*Asks:* 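Take this structure first; my questions come after.
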Amino acid sequence: MTLYPLKFSPLFKYRIWGGEKLKELFNKNYTEENIGESWEISDVKNDETVVSNGQLQGKTLKELINEYKGDFVGNTVYEKFGDAFPLLIKFIDAKTPLSIQVHPSNEIAKERHNSFGKNEMWYVMQADEDAELIVGFEKKISKEAYLEHLENNTVLDVMHHEKVDSGDTFYIPTGRVHAIGAGVLLAEIQQTSDVTYRIYDYDRVDAKTGQKRELHNELAIGVLDFEPQDNYKSSYNLEENTSNTLVHSPYFRTNIIDLKGNIDKDYTSIDSFVIYMCVEGAATINYKDEVYNVKIGETILLPASVNNVSLNSNSGRLLEVYY
């Protein structure tokens with residue numbers, strides 16, 4: 001069978017901090033309350049997304065990789081990861097703040113959890129007035145001083161708080177302390193990993209369990225990067241109808257396309273799948289005389305063998321993600 005652009009049925013995740021924006025702004029179809037995450041493309045064990053369009057409807061990512069190998073993910077990707085898909089693609093709605101947290105490196109995650117590490121990035125799609133993110137430390141701090149703040153419940157005082165607006169982008173390497181603040185809706189691109197070390201959770205109780213959530217400070221202390229950065233936000237150009245570099249890392253590459261009109265894309269040289277996340281407006285993808293629609297809050301995957309497509313939009317914005 002010839003591969004084609006694929007849509008997947010998202011998985012909706014209850015979170016203590018989740019809200020209603022995924023339904024209200026993206027028309028996501030769910031009835032549960034406090035949905036904080038829409039897992040758009042996932043190969044996490046027991047949380048694999050399933051194709052929702054065309055002849056491959058009902059197939060999981062794992063089944064597609066097993067069947068099509070390099071034609072699906074790219075030969076380079078297949079040689080490195082085998083039947084594991086390297087990325088987890090999400091939209092996140094934080095009605096209240098996420099816990100202060102940190103993720104371990106590939107090496108530590110492999111040793112402790114038999115998992116990938118969790119390098120990730122955020123692209124802010126909407127933010128309420130005065131909404132903020134926590135990213136890194138505000139000033140240089142010793143491990144001893146940090147532990148003292150942790151003990152005194154004043155750890156928020158030493159974090160870097162940054163007010164955000166739509167379009168703001170942040171790369172979160174492993175070891176960097178971080179949290180999404182209340183009122184932020186964003187797209188998240190990360191390694192396929194569900195390993196998170198919670199540091200501080202506002203002493204809140206989960207209404208579903210009646211319990212406070214577990215903290216992981218003994219695990220976290222060995223992975224934290226205490227070095228502050230001069231600037232945590234990623235800068236980028238936004239030239240129309242081209243792939244503008246957003247975040248390029250060893251784990252994924254993300255560009256942004258501000259689409260007005262029609263452009264042709266040739267991915268022959270990439271040797272990777274390509275994922276489009278629509279973060280504004282809507283767009284169409286034309287491939288072999290078939291038209292695939294994607295609107296804000298939706299995601300579509302081009303298998304590696306889908307090398308040439310045309311994109312069209314009156315006014316749309318796409319994140320273009322590949323390995």
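The structure presented is a predicted model; accordingly, all values stated were derived computationally and were not measured.
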*Asks:* Do the side chain of Arg112 and the main chain of Leu219 share a donor and acceptor less than 3.5 angstrom apart?
*Replies:*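 Such a contact is found between Arg112 side chain and Leu219 backbone.
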*Asks:* Which heavy atom of Gly18 sits nearest to which heavy atom of Asn34, and what is that distance?
*Replies:*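 Answer, listing the atom of Gly18 first, then Asn34: O-ND2, 3.1 Å.
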*Asks:* Considering non-hydrogen atoms only, spot the tightest contact between Lys265 and Ser243 and give its length.
*Replies:*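 Heavy-atom minimum between the residues: NZ-OG, 2.6 Å.
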*Asks:* Are Asp71 and Lys69 close enough, and set up right, to give a salt bridge (Lys or Arg N to Asp or Glu O under 4.0 Å), and what steps lead you there?
*Replies:* CA-CA 5 Å; Asp71 284 343; Lys69 300 178 170 56; over 6 Å; no
*Asks:* Do Tyr287 and Tyr68 share a hydrophobic cluster (ILVMFWY, side-chain heavy atoms under 4.5 Å, transitive)?
*Replies:*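 Tyr287 clusters together with Tyr68.
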*Asks:* Would you say Trp122 and Ile172 make side-chain contact, with heavy atoms under 4.5 Å?
*Replies:*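 With C-beta onward as the side chain, the pair touches.
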*Asks:* Considering residues at least two apart in sequence or located in another chain, which fulfil the salt bridge (charged side-chain N to carboxylate O under 4.0 Å, His left out) criterion with Lys90?
*Replies:*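 Testing Lys90 for salt bridge (charged side-chain N to carboxylate O under 4.0 Å, His left out), a comparison that skips the adjacent residues, returns Glu37, Glu188.
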*Asks:* Would you call Arg176 and Asp225 a salt bridge, using N to O less than 4.0 angstrom?
*Replies:*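 Here Arg176 does not pair with Asp225 in a salt bridge, since their nearest N and O are not under 4.0 Å apart.
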*Asks:* Check for me, please, whether Ile92 and Phe170 land in the same ILVMFWY cluster - side-chain distances under 4.5 Å, paths through other members count.
*Replies:*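 Yes, Ile92 connects to Phe170 through the hydrophobic network.
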*Asks:* Roughly how far apart are Asn46 CG and Leu11 CG, rounded to 0.5 Å?
*Replies:*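 One finds 11.0 Å between CG of Asn46 and CG of Leu11.
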*Asks:* Check whether Asn241 reaches the backbone of Lys260 with its side chain - one donor and one acceptor, N or O, closer than 3.5 Å.
*Replies:*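 Flag set: sc Asn241 to bb Lys260 pair under 3.5 Å.
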*Asks:* How far apart are the C-alpha atoms of Gln126 and Asp128, what are their side-chain angles, what is the distance that settles it, and do they pass the side chain to side chain donor-acceptor pair (under 3.5 Å) test?
*Replies:* CA-CA 7 Å; Gln126 185 271 336; Asp128 296 348; 3.0 Å; yes
*Asks:* Just by distance, no angles: are the side chains of Lys110 and Ser105 close enough, under 3.5 Å, to form a donor-acceptor pair?
*Replies:*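 No, no side-chain donor-acceptor pair sits under 3.5 Å.
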*Asks:* Minimum heavy-atom separation for Trp39 and Leu88, please, with both atom names.
*Replies:*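 Reported closest heavy-atom pair: CE3-CD1, 3.9 Å.
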*Asks:* Look at the side chain of Thr192 and the backbone N and O of Leu87, then say whether any donor-acceptor pair between them is shorter than 3.5 Å.
*Replies:*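 At least one qualifying donor-acceptor pair exists.
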*Asks:* Nearest 0.5 Å, please: how far is CG in Asn262 from CG in Asn312?
*Replies:*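 Here the rounded value is 5.0 Å.
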*Asks:* Take Asp206 and Lys212, measure what salt bridge (Lys or Arg N to Asp or Glu O under 4.0 Å) needs, and give me the verdict at the end.
*Replies:* CA-CA 6 Å; Asp206 189 327; Lys212 292 182 181 179; over 6 Å; no
*Asks:* Are Glu218 and Tyr197 close enough that a side-chain donor and a side-chain acceptor fall under 3.5 Å?
*Replies:*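 Absent: no donor and acceptor within the cut-off.
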*Asks:* Hey, mind stepping through Glu24 and Lys21 against salt bridge (Lys or Arg N to Asp or Glu O under 4.0 Å) and telling me if it holds?
*Replies:* CA-CA 5 Å; Glu24 293 170 353; Lys21 286 182 183 176; over 6 Å; no
*Asks:* If only atom types and distance count, is the side chain of His103 paired as donor or acceptor with the main-chain N or O of Val195 below 3.5 Å?
*Replies:*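 A pair under 3.5 Å: yes.
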*Asks:* Could you see if Leu25 belongs to whatever hydrophobic cluster contains Leu319? Use Ile, Leu, Val, Met, Phe, Trp, Tyr and a side-chain cutoff under 4.5 Å.
*Replies:*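 In one cluster with Leu25: Leu319, yes.
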*Asks:* Rounded at 0.5 Å granularity, tell me how far CG in Leu22 sits from NZ in Lys28.
*Replies:*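 Here the interatomic distance stands at 7.5 Å.
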*Asks:* Determine whether Phe26 and Glu298 make a side-chain contact, defined as any pair of heavy atoms from C-beta on separated by less than 4.5 Å.
*Replies:*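 With C-beta onward as the side chain, the pair stays apart.
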*Asks:* State whether the side chain of Ser235 and the backbone N or O of Lys233 hold a donor-acceptor pair below 3.5 Å, judged by distance alone.
*Replies:*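 Pair absent, no side-chain N/O of Ser235 close to backbone of Lys233.
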*Asks:* Are the aromatic ring centres of Tyr171 and Tyr232 under 6.0 angstrom apart?
*Replies:*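 For Tyr171 and Tyr232, the ring centres are not under 6.0 Å apart.
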*Asks:* Test side chain to side chain donor-acceptor pair (under 3.5 Å) on Asn152 and Thr154 and set out the steps.
*Replies:* CA-CA 5 Å; Asn152 295 332; Thr154 55; 4.9 Å; no
*Asks:* Considering non-hydrogen atoms only, spot the tightest contact between Val51 and Leu56 and give its length.
*Replies:*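 For Val51 and Leu56, the tightest heavy-atom pair comes out as CB-O, 3.4 Å.
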*Asks:* Considering all heavy atoms of both residues, which atom of Asp93 and which atom of Ile35 are nearest to each other, and what is their separation?
*Replies:*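 Nearest pair, atom of Asp93 first, then Ile35: OD2-O, 4.2 Å.
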*Asks:* Would you find a donor on one side and an acceptor on the other, under 3.5 Å apart, between the side chain of Asn53 and the backbone of Lys7?
*Replies:*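 Yes, the answer is positive, given that a donor and an acceptor are paired below the 3.5 Å cut-off.
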*Asks:* Look only at the side chain of Asn307 and the backbone of Asp266, and say whether a donor-acceptor pair between them is shorter than 3.5 Å.
*Replies:*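 No, because the side chain of Asn307 does not come within donor-acceptor range (under 3.5 Å) of the backbone of Asp266.
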*Asks:* On a heavy-atom basis, which atom in Ile65 and which in Ala84 lie closest, and how many Å separate them?
*Replies:*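 In terms of heavy atoms, the two residues are closest at CD1-C, 4.1 Å.
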*Asks:* Taking NZ, NE, NH1 and NH2 as the nitrogens, is one of them in Lys59 or Glu67 under 4.0 Å from a carboxylate oxygen of the other?
*Replies:*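 Yes.
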*Asks:* Please assess Gln101 against His216 for the test side chain to side chain donor-acceptor pair (under 3.5 Å), listing each intermediate value before the final yes or no.
*Replies:* CA-CA 9 Å; Gln101 57 191 246; His216 313 97; over 6 Å; no
*Asks:* For Asn106 and Gln191, run side chain to side chain donor-acceptor pair (under 3.5 Å): C-alpha distance rounded to whole Å, both residues' side-chain angles, the deciding distance at 0.1 Å, then the answer.
*Replies:* CA-CA 10 Å; Asn106 276 343; Gln191 290 176 274; 3.0 Å; yes
*Asks:* Ring centres of Phe85 and Phe273 under 6.0 Å apart?
*Replies:*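 Close enough - the centres of the two rings lie under 6.0 Å apart.
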*Asks:* Side chains of residues 134-144: which donor-acceptor partners sit under 3.5 Å, not counting sequence neighbours?
*Replies:*
from   : atom 1 : to     : atom 2 : distance (Å)
Glu138 : OE1    : His160 : ND1    : 2.7
Lys140 : NZ     : Glu227 : OE2    : 2.3
Ser142 : OG     : Ala145 : N      : 3.0

*Asks:* Does any part of the side chain of Phe8, heavy atoms only, come nearer than 4.5 Å to the side chain of Glu40, both counted from C-beta?
*Replies:*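 Answer no - side chains too far apart.
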*Asks:* Within the 4.5 Å heavy-atom criterion, are Glu280 and Asp258 side-chain neighbours or not?
*Replies:*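 No; the side chains remain at least 4.5 Å from each other.
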*Asks:* Ser42 and Asp47: side-chain donor and acceptor closer than 3.5 Å?
*Replies:*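 No - no donor-acceptor pair under 3.5 Å links their side chains.
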*Asks:* Can you say whether the rings of Phe116 and Phe81 are parallel (under 30°), tilted (30 to 60°) or perpendicular (over 60°)?
*Replies:*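 Geometry flag for Phe81 against Phe116: perpendicular rings.
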*Asks:* When you compare the side chain of Thr254 with that of His248, does any pair of heavy atoms fall below 4.5 Å?
*Replies:*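 No; the side chains remain at least 4.5 Å from each other.
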